Amino acid sequence: MITFLKMHGLGNDFVILDARDPDSGIGADISVRAASLVSDRRRGIGCDQLLIIRPSDNADIFMQILNQDGSVAGACGNGTRCVADYVMRDLDVDQLLIETKSTMLFAERSRIGDADLIAVNMGAARLDWQQVPLAQAQDTLHVDLGADAPALAVCQSMGNPHAVMFVDDVAAIDLDAIGPKLEHADIFPDRANISIVQKLDDAKFRMRVWERSVGITQACGSGACAVGVAAHRRGLAGRLSEIVMDGGSVIIEWRDNGTAGGEVIMTGPVTYVGHGVLDDAISALFGTHHAKA
Ligand SMILES: N[C@H](CCC[C@H](N)C(=O)O)C(=O)O
């Protein structure tokens with residue numbers, strides 16, 4: 001029987017499976033079928049992403065990120081905060097090194113006012129067209145996504161691809177309509193997460209997001225990182241911004257550490273919802289399941 005934990009970061013929600021114990025019943029490879037079933041909001045537990053915690057030789061843990069459709073993602077900011085809080089409590093530590101398929105992340109406890117938060121160093125912003133990736137060489141600061149785009153996009157990767165468009169009024173944009181078209185634009189060989197952003201003041205932005213493989217989510221941590229980076233790249237903000245999403249705000253700091261991509265620190269809350277046990281039939285989809293004796 002596989003146990004699961006349900007958490008969210010500003011309404012971006014996750015099913016978390018802990019595969020650190022060799023007897024967890026969770027195999028090395030997670031099938032699209034297993035991930036999409038657990039993520040299904042009617043036939044499964046329901047989540048935007050499925051996060052698997054595994055042992056790592058290079059960090060405290062390895063975190064595997066699977067979107068609702070079973071596709072693998074290279075970054076998940078809100079999910080990283082949730083997994084970090086869970087594992088730090090488990091290990092009784094206040095800092096954690098997390099390896100993902102694209103990056104090494106550093107998480108630690110933080111506070112703003114009386115709010116207990118998690119700060120994650122999400123690593124460098126990758127600014128070059130091949131890093132996003134884009135299909136051909138071009139300036140990633142002004143990318144034309146075609147007639148469906150409300151503005152030229154700022155494209156960068158946080159370990160996953162992000163396109164950010166600055167508009168006068170996010171409420172006036174039909175993200176449900178343009179999101180899937182832009183996610184699948186030919187310029188994105190790996191598709192992309194799509195954010196529309198309205199500047200509220202010199203250090204505050206309102207963002208809405210169409211997530212790759214998921215659709216509109218209430219928040220996207222790596223997307224908020226991309227927005228903080230894009231705002232500074234376009235000269236719209238300094239290096240510290242509050243990003244206000246449908247589900248709430250995170251603080252993004254794009255630190256200059258002497259490298260082109262710097263390092264992006266995302267600080268925000270986590271919420272525990274509950275935990276439970278997957279039915280045997282679903283558990284069996286996760287590989288090395290020990291049949292009942
Ligand atoms: N849909 C994203 C992964 C999850 C990102 C989001 N949940 C976050 O908090 O960063 C992608 O395919 O790149």
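Note that the coordinates shown come from a computational prediction; the quantities given were computed from them, not determined experimentally. All ligand and atom numbering here is 1-based and tracks the order in the structure. Quick note: residue numbers are just sequence positions, from 1.
- Checking R81, R111, R109 one by one against D116, the salt bridge (Lys or Arg N to Asp or Glu O under 4.0 Å) holds for a single residue, R111.
- The side-chain contact (heavy atoms from CB on, under 4.5 Å) search around R234 returns L141, H142, L152, V154, F166, L236, not counting sequence neighbours.
- With hydrogens and angles left out, the side-chain atoms of T217 and N12 include no donor and acceptor closer than 3.5 Å.
- Remark: W254 pairs with H232 by the ring pair (Phe, Tyr, Trp, His ring centres under 6.0 Å) rule, at least two apart or across chains.
- No side-chain donor from either of S195 and R208 sits under 3.5 Å from a side-chain acceptor of the other.
- Enumerated by chain and number, the residues approaching ligand 1 to less than 4.0 Å through a heavy atom are N12, Q49, N67, A73, A75, C76, G77, N78, N160, N193, E211, R212, C220, G221, S222.
- Pairs passing the ring pair (Phe, Tyr, Trp, His ring centres under 6.0 Å) check and including a residue from residues 51-89, sequence neighbours excluded, do not occur.
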